[in-house]
Amino acid sequence: MATTPDARTGRLRAWMLEGLSDMGKGKPSRPVESAPDAGHRGQRWWRVMCLTGVDYFSTLGYQPGIAALAAGLLSPIATIVLVIVTLVGALPVYRRVAEESPRGEGSIAMLSRLLSFWKGKLFVLTLLGFAATDFLITITLSAADASTHLVENPHLEEALHNKQVLITMVLIALLGAVFLKGFLEAIGVAVVLVGVYLALNAVVVVTGFWHVLTEGHVVTDWTSALTAEHGNVFAMVGVALLVFPKLALGLSGFETGVAVMPHVKGDPGDTEEQPTGRIRDTKKLLTTAALIMSVFLICTSFITTVLIPHEEFEPGGKANGRALAFLAHEYLGNTFGTIYDVSTIAILWFAGASAMAGLLNLMPRYLPKYGMAPHWARAVRPMVIVFTLVAFLVTWIFDADVDAQGGAYATGVLVLICSAAIAVTIAARKAGQRGWTIGFGVISVVFLYTTVVNVLERPDGVKIGACFIAGIILISLLSRLGRAFELRVTHVELDEMAERFIQDISRRTPRFIANEPDNRDIAEYRDKIEQIRADNDLPTTEDFVFVEVTITDPSEFEAGLTVRGEVLHDRYRVLTVESSSVPNALAALLLHARDTTGGARPHVYFEWTEGNPFANFLRFFLLGQGEVAPVTREILREAEPDRDRRPRVHVG
């Protein structure tokens with residue numbers, strides 16, 4: 001029997017939205033994450049280190065060239081400064097971040113706890129903008145550098161000339177295809193890629209040092225030129241400190257290291273509240289990766305500086321963006337060089353995997369929760385398509401140029417490291433750890449200086465970051481506006497008294513009065529009942545339950561609802577609710593009352609809100625109150641399409 005188009009469409013939709021459940025109907029949505037609980041029980045920390053390592057270690061493909069362009073003859077000294085900052089600054093910061101946010105949210109989660117209301121949401125959106133800059137540019141820059149290695153391979157240079165943009169887009173599309181299919185096997189692939197790549201780099205480094213030893217004049221030439229150019233050691237260190245911000249790409253692995261933290265297996269006794277083993281092993285992951293990378297950075301910056309003529313690092317030079325590949329071809333032959341190129345291309349291509357995993361861990365965790373992304377953004381596959389299309393756009397804008405994307409990449413990396421340093425400083429201060437507070441405070445100042453210098457020297461980076469931020473905020477606010485009438489209460493809990501009220505009133509026609517609490521004296525409730533009866537022409541025999549909603553944080557989009565019952569003045573039954581939105585709380589309570597009492601249709605009574613309707617809607621959108629009656633009715637209409645089962649709304 002032939003498959004109908006509708007059936008095929010239904011299967012495609014189910015596949016795209018796999019794991020997505022209906023929000024606000026008792027089953028909170030959650031994305032099909034690449035985390036352990038999505039299909040496996042996690043991996044050993046050293047295997048997960050390879051997943052973050054495809055990003056971190058792959059920077060060896062271009063970092064020596066960037067260092068040579070930025071620092072010239074001072075490249076090895078500037079790299080030593082970078083390593084010191086890595087081991088003394090970034091590593092302790094991110095070890096603390098892993099301890100404070102073991103689910104991979106990073107410093108964004110730590111800082112978001114400090115701020116509430118809309119300022120907190122906008123702050124998080126800003127950090128997400130820089131995170132998007134970091135991770136997306138990781139994908140595009142790594143793919144662009146992979147295509148550079150492919151295009152400039154001596155065997156392929158003529159055939160692939162001027163096809164770098166196309167090749168980069170193909171590599172990005174292949175990465176997206178991996179995530180569309182699934183990501184359970186990715187860690188195994190990462191282990192192989194990292195193992196082979198580091199082994200080949202070790203061969204290149206050993207060969208490079210052999211040539212340095214056998215050609216002793218290269219070191220003498222380098223030191224003589226260095227002394228002639230900078231005079232003394234203090235001047236060299238000073239200049240190295242000044243150019244350090246340009247080398248910030250060498251810090252890129254820490255944010256992705258925390259982002260992939262949910263993959264770490266930990267101990268059998270770990271719980272979501274106390275994942276002690278996961279935290280311990282993630283610290284091992286971060287430390288081991290930093291030490292391996294530090295050794296390679298120092299060694300590669302030295303051999304590339306003394307063995308490669310500086311003009312080859314310039315745009316158009318054979319070592320531009322591929323310094324170690326240049327040495328592999330130069331000293332080990334084109335066969336080994338091609339093997340090295342293939343390994344570099346593979347790891348640079350797959351470097352986007354850890355970045356994509358970071359995006360899929362962060363964006364669905366925050367944006368749908370804030371109501372600032374469509375409902376489908378909780379599913380992985382639609383988000384993979386979105387991120388892949390954005391990566392295509394970035395590649396086209398930058399013409400797949402590695403150097404042109406360096407500023408944006410460094411800006412994203414440094415802003416996130418700054419936020420992490422500030423977050424752990426605040427955490428240490430709150431914990432009463434004076435020594436750590438001072439230490440993290442100094443590290444924060446260093447990274448703030450580095451970020452400011454980088455922004456001043458390469459403003460294109462912050463401009464690109466600002467575009468991501470503006471895009472995220474604009475789309476987020478439009479999404480929030482589009483979902484304004486969505487029922488977003490995940491569950492309703494009633495205390496014993498509230499349950500008794502609802503069960504009792506359901507024996508008749510359940511009637512609720514929405515009341516904005518004022519003095520809560522006997523006159524307020526008596527006058528309210530008389531007004532409702534007069535406005536709606538109800539007999540005196542009808543009885544009511546008051547519902548009073550107190551606004552908590554109106555910027556929150558979805559949450560559970562806790563309802564408490566109390567009797568005031570020995571006669572008036574009152575249900576008190578705390579919520580971010582009055583209409584949503586009332587709609588959720590009415591639907592819950594109907595469903596738990598055998599389908600009795602509740603009635604709710606309102607007063608019309610005074611004032612301009614548009615101004616009242618803005619009050620609802622921003623403050624969770626305002627145009628309550630019509631918004632409650634609209635939320636009920638969207639949540640319950642059957643008019644015969646929909647709670648009834650009366651306004652007088």
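What's counted below: heavy atoms across the whole structure, side chains too, no hydrogens, waters or symmetry copies.
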**Study point:** Summary of salt bridge (charged side-chain N to carboxylate O under 4.0 Å, His left out) pairs that have at least one residue in residues 303-317, sequence neighbours excluded
**Key:** none
Exercise for review: Using the salt bridge (charged side-chain N to carboxylate O under 4.0 Å, His left out) rule, collect all pairs that involve residues 282-307, keeping only residues at least two apart or in two chains.
Suggested key: E99-K283, D281-K284
Who are the ring-ring contact (aromatic ring centres under 6.0 Å, His included) partners of [X], not counting sequence neighbours?
X    : result
F398 : none
Y331 : H211
Y449 : none
H310 : none

If we ignore hydrogens and angles and just use 3.5 Å, is the side chain of [X] paired with the main-chain N or O of [Y] as donor and acceptor?
X    : Y    : value
Q164 : A144 : yes
S142 : I139 : no
T223 : T220 : yes
S444 : A421 : yes
T52  : M49  : no
S343 : Y340 : no

Review point. Below 4.0 angstrom, N of the basic side chain to O of the carboxylate: do D267 and R278 qualify?
Key: no
State, with a plain yes or no, whether a side-chain heavy atom of [X] is found less than 4.5 Å away from one of [Y].
X    : Y    : answer
T207 : L327 : no
F336 : V203 : yes
F302 : V212 : yes
T86  : L297 : no
L307 : E330 : no
L393 : I397 : yes
V48  : M261 : no
F350 : V189 : yes

Looking only at non-hydrogen atoms, find the nearest pair between [X] and [Y] and report the distance.
X    : Y    : result
W349 : L171 : NE1-O, 2.8 Å
A323 : P64  : CB-CB, 4.2 Å
T79  : I298 : CG2-N, 4.0 Å

Review point. Which pairs with one or both residues in residues 74-106 pass ring-ring contact (aromatic ring centres under 6.0 Å, His included), sequence neighbours excluded?
Key: Y94-F254
If you measure from [atom1] on [X] to [atom2] on [Y], what distance do you get to the nearest 0.5 Å?
X    : Y    : atom1 : atom2 : value
L136 : L141 : CG    : CG    : 12.0 Å
M293 : F57  : CE    : CZ    : 7.5 Å
L51  : L193 : CG    : CG    : 11.0 Å
C50  : R44  : SG    : CZ    : 12.5 Å
D341 : L324 : CG    : CG    : 11.0 Å

Tell me every residue that passes side chain to side chain donor-acceptor pair (under 3.5 Å) with [X], counting only those two or more places apart in sequence or in another chain.
X    : result
D399 : none
T140 : Q405
T388 : none
T282 : none

Check your understanding: Between L60, N201, V54, V192, which is the residue that forms a side chain to side chain contact (heavy atoms under 4.5 Å, CB included) with I347?
Key -> V54
Revision key, fill the gap. With F440 as partner, the option from I422, V445, V424 fulfilling side chain to side chain contact (heavy atoms under 4.5 Å, CB included) is V424
**Study point:** Check: T395/T168 side-chain N/O donor and acceptor closer than 3.5 Å
**Key:** no
Practice item. Not counting sequence neighbours, which residues clear side chain to side chain contact (heavy atoms under 4.5 Å, CB included) with T305? List them please. Key: S75, P76, W222
